[in-house]
Peer 1: 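Once you've had a glance at the structure underneath, I'll fire off some questions.
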Amino acid sequence: MKFPKLSAPTLLLLPAIIVLAAVIVLPLLFSLYSSFTPFRLTKPESIWVFIGVRNYVSVLTNYEFWAAFGRTVLLLTIALNAEMFLGLGLAMLVNKATRGQRILRTLMMFPMMFSPVLVGFQFKFLFNDNIGFVNNALQSLGLTTNAIPWLIDGNLALFSIIIAEVWSSTSVFAILILAGLLAMPQEPVEAARVDGCTPWQTFRYVTWPYLMPFAFIAMTIRSLDVARAYDIVKIMTDGGPAKRTELLWTLVGRTAYSDARMGLANAMAYISILLSILFTVYFFRKLAAARQQIGAEW
């Protein structure tokens, strides 16, 4: 039996393909299989017990899962909108700068240089109710007399996480929108001014339609990041207090490692991935519609 002769490019890529298969494909197949079993880390033999879609039914009828999903959607909605508006403002300010634009672009990227774990520790210290900078500043200014429990109060804890997410990722929107502003032709803007359009009308009907594809690209990237948010939440609140900041992937992590229910956790993970894909498809459709609009108008 003769094996087909592999071409030189295939032979050169073969080591990378083998490594990717060992590191990515095989673990994915194993996790997919284990999602159809009652696999527990404390009972390794349970990996061989097949229970069908029972884990998926349990996840879809689990209140904690849908509550975590709702918080994830809330975080995604507030964070993405805040990042888009702040990023748009930063990009327009930098674009208007006549001097030091390169330095401003570098400073604008500064928050992206921090890892999510470091951002989590940073904001955990800032919002500490005893020694945190935020409480000390508010008390020094006389705005409050008592320390505010930012990370202990159920409502304020999620708000604190949103602030950390917005601070760390607004630069993604700012950089992409600034790229759109720099690539935008000036003839339509000048024509709008000649026709007597106000600055708001020029922005609303000329500038913003051109920038929408760049904004949707940023939204697509950030929606995937927020949908799988874990590091910042784990460091700042660990899903507390009383699971009030439990998101999808912190719930998956707690189910897999704290509760040792790996099979159920993998089922949660695959359902979460499908939900993330739906968000991505939605933003890609918006991106395609924005591109068609530009093609028709420009």
Side-chain angles (χ1 to χ4, degrees), residues 27 31 34-35 39-42 55 58-59 62-80 82-83 111-138 146-170 222-273 275-276 279:
S31 65
S34 66
S35 69
F39 179 42
R40 287 177 175 267
L41 294 177
T42 54
N55 282 332
S58 177
V59 171
N62 188 345
Y63 170 77
E64 282 192 6
F65 176 81
W66 290 112
F69 173 73
R71 293 187 203 99
T72 304
V73 172
L74 178 63
L75 174 66
L76 187 147
T77 303
I78 298 175
L80 286 187
E83 289 170 15
M112 295 178 61
M113 301 176 186
F114 293 93
S115 69
V117 173
L118 186 57
V119 173
F121 278 115
Q122 173 184 336
F123 277 88
K124 185 176 183 179
F125 170 75
L126 289 175
F127 287 112
N128 187 280
D129 55 345
N130 293 319
I131 60 173
F133 172 80
V134 175
N135 274 333
N136 287 333
L138 292 176
N146 299 321
I148 301 174
W150 295 99
L151 302 178
I152 300 175
D153 184 270
N155 297 319
L156 294 177
L158 186 60
F159 175 75
S160 304
I161 291 171
I162 291 173
I163 291 178
E165 284 282 351
V166 170
W167 180 87
S168 64
S169 302
T170 296
R222 283 294 298 143
S223 66
L224 293 175
D225 288 339
V226 176
R228 62 173 186 264
Y230 179 82
D231 309 73
I232 291 178
V233 181
K234 181 68 176 178
I235 297 299
M236 290 182 66
T237 63
D238 196 16
K243 301 179 183 179
R244 295 288 295 274
T245 59
E246 190 88 275
L247 303 182
L248 281 178
W249 288 99
T250 57
L251 177 62
V252 170
R254 180 170 60 81
T255 304
Y257 300 110
S258 298
D259 301 342
R261 303 171 70 183
M262 188 62 74
L264 182 63
N266 284 329
M268 285 184 182
Y270 277 100
I271 293 175
S272 300
I273 290 171
L275 294 174
S276 299
F279 282 113

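Along the sequence shown, the residues carry numbers beginning at 1. Bear in mind that the values here come from a model prediction, so they are computed numbers and not experimental data.
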Peer 1: Please table the atom pairs, donor to acceptor, closer than 3.5 Å between any side-chain atom in residues 158-165 and protein atoms at least two apart or in another chain.
Peer 2:
unit_1: S160; atom_1: OG; unit_2: L156; atom_2: O; d: 2.8
unit_1: E165; atom_1: OE1; unit_2: R222; atom_2: NH2; d: 3.1

Peer 1: Side chain to side chain donor-acceptor pair (under 3.5 Å) with S272: which residues, sequence neighbours excluded?
Peer 2: none
Peer 1: Tell me whether the count of non-hydrogen atoms from other residues, nucleotides or ligands lying under 6.0 Å of CZ in F121 goes above 12.
Peer 2: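 Count not over threshold, so no.
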Peer 1: Heavy atoms, side chains only, cut-off 4.5 Å: are L264 and V59 in contact?
Peer 2: yes
Peer 1: Taking side chain to side chain donor-acceptor pair (under 3.5 Å) as the definition, give me every residue that meets it alongside T237, ordered by chain and number, with sequence neighbours left out.
Peer 2: T245
Peer 1: Which atom names give the shortest non-hydrogen contact between R244 and N155, and what distance separates them?
Peer 2: NH2-OD1, 3.1 Å
Peer 1: Show the nearest heavy-atom pair for residues S35 and N55, with the distance to one decimal.
Peer 2: O-ND2, 2.9 Å
Peer 1: To the nearest 0.5 Å, what is the distance between CG on L224 and CD1 on I273?
Peer 2: 11.0 Å
Peer 1: How long is the straight-line distance from CD of Q122 back to OG of S115, given to the nearest 0.5 Å?
Peer 2: 10.0 Å
Peer 1: Just wondering, do L151 and D129 contact through their side chains at under 4.5 Å, heavy atoms?
Peer 2: no
Peer 1: T72: what forms a side chain to side chain donor-acceptor pair (under 3.5 Å) with it, not counting sequence neighbours?
Peer 2: none
Peer 1: Between the main-chain N or O of S58 and the side-chain N or O of N62, is there a donor-acceptor pair closer than 3.5 Å?
Peer 2: no
Peer 1: Can you name the closest pair of heavy atoms from S34 and S31 and give their distance?
Peer 2: OG-O, 2.9 Å
Peer 1: When the side chains of residues 63-70 are checked against the rest of the protein, which donor-acceptor pairs come out under 3.5 Å, sequence neighbours left out?
Peer 2:
unit_1: E64; atom_1: OE1; unit_2: R254; atom_2: NH2; d: 3.1
unit_1: E64; atom_1: OE2; unit_2: K243; atom_2: NZ; d: 2.9
unit_1: W66; atom_1: NE1; unit_2: L60; atom_2: O; d: 2.7

Peer 1: Are side-chain heavy atoms of P111 and T170 found at a separation under 4.5 Å?
Peer 2: no
Peer 1: Kindly write out the residues that satisfy side chain to side chain donor-acceptor pair (under 3.5 Å) with T250, not counting sequence neighbours, or none if the list is empty.
Peer 2: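 Per chain and number, T250 pairs via side chain to side chain donor-acceptor pair (under 3.5 Å) with E246.
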Peer 1: Show the nearest heavy-atom pair for residues L247 and A229, with the distance to one decimal.
Peer 2: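 Between these two residues, the closest heavy atoms are CD1-CB, 4.1 Å.
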Peer 1: Is there a side-chain contact between Y230 and P116, using heavy atoms and a 4.5 Å cut-off?
Peer 2: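 The answer is no, as the side chains (C-beta and beyond) never meet within the 4.5 Å cut-off.
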Peer 1: Stepwise, does the side chain to side chain contact (heavy atoms under 4.5 Å, CB included) test hold for K234 with V117?
Peer 2: CA-CA 9 Å; K234 181 68 176 178; V117 173; over 6 Å; no
Peer 1: Determine, stepwise, if the pair R261 / F39 fulfils side chain to side chain contact (heavy atoms under 4.5 Å, CB included).
Peer 2: CA-CA 6 Å; R261 303 171 70 183; F39 179 42; over 6 Å; no
Peer 1: With M236 as reference, evaluate F125, W150, F123 under the side chain to side chain contact (heavy atoms under 4.5 Å, CB included) test and give the passing residue.
Peer 2: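 It is F123; the other options fail the test.
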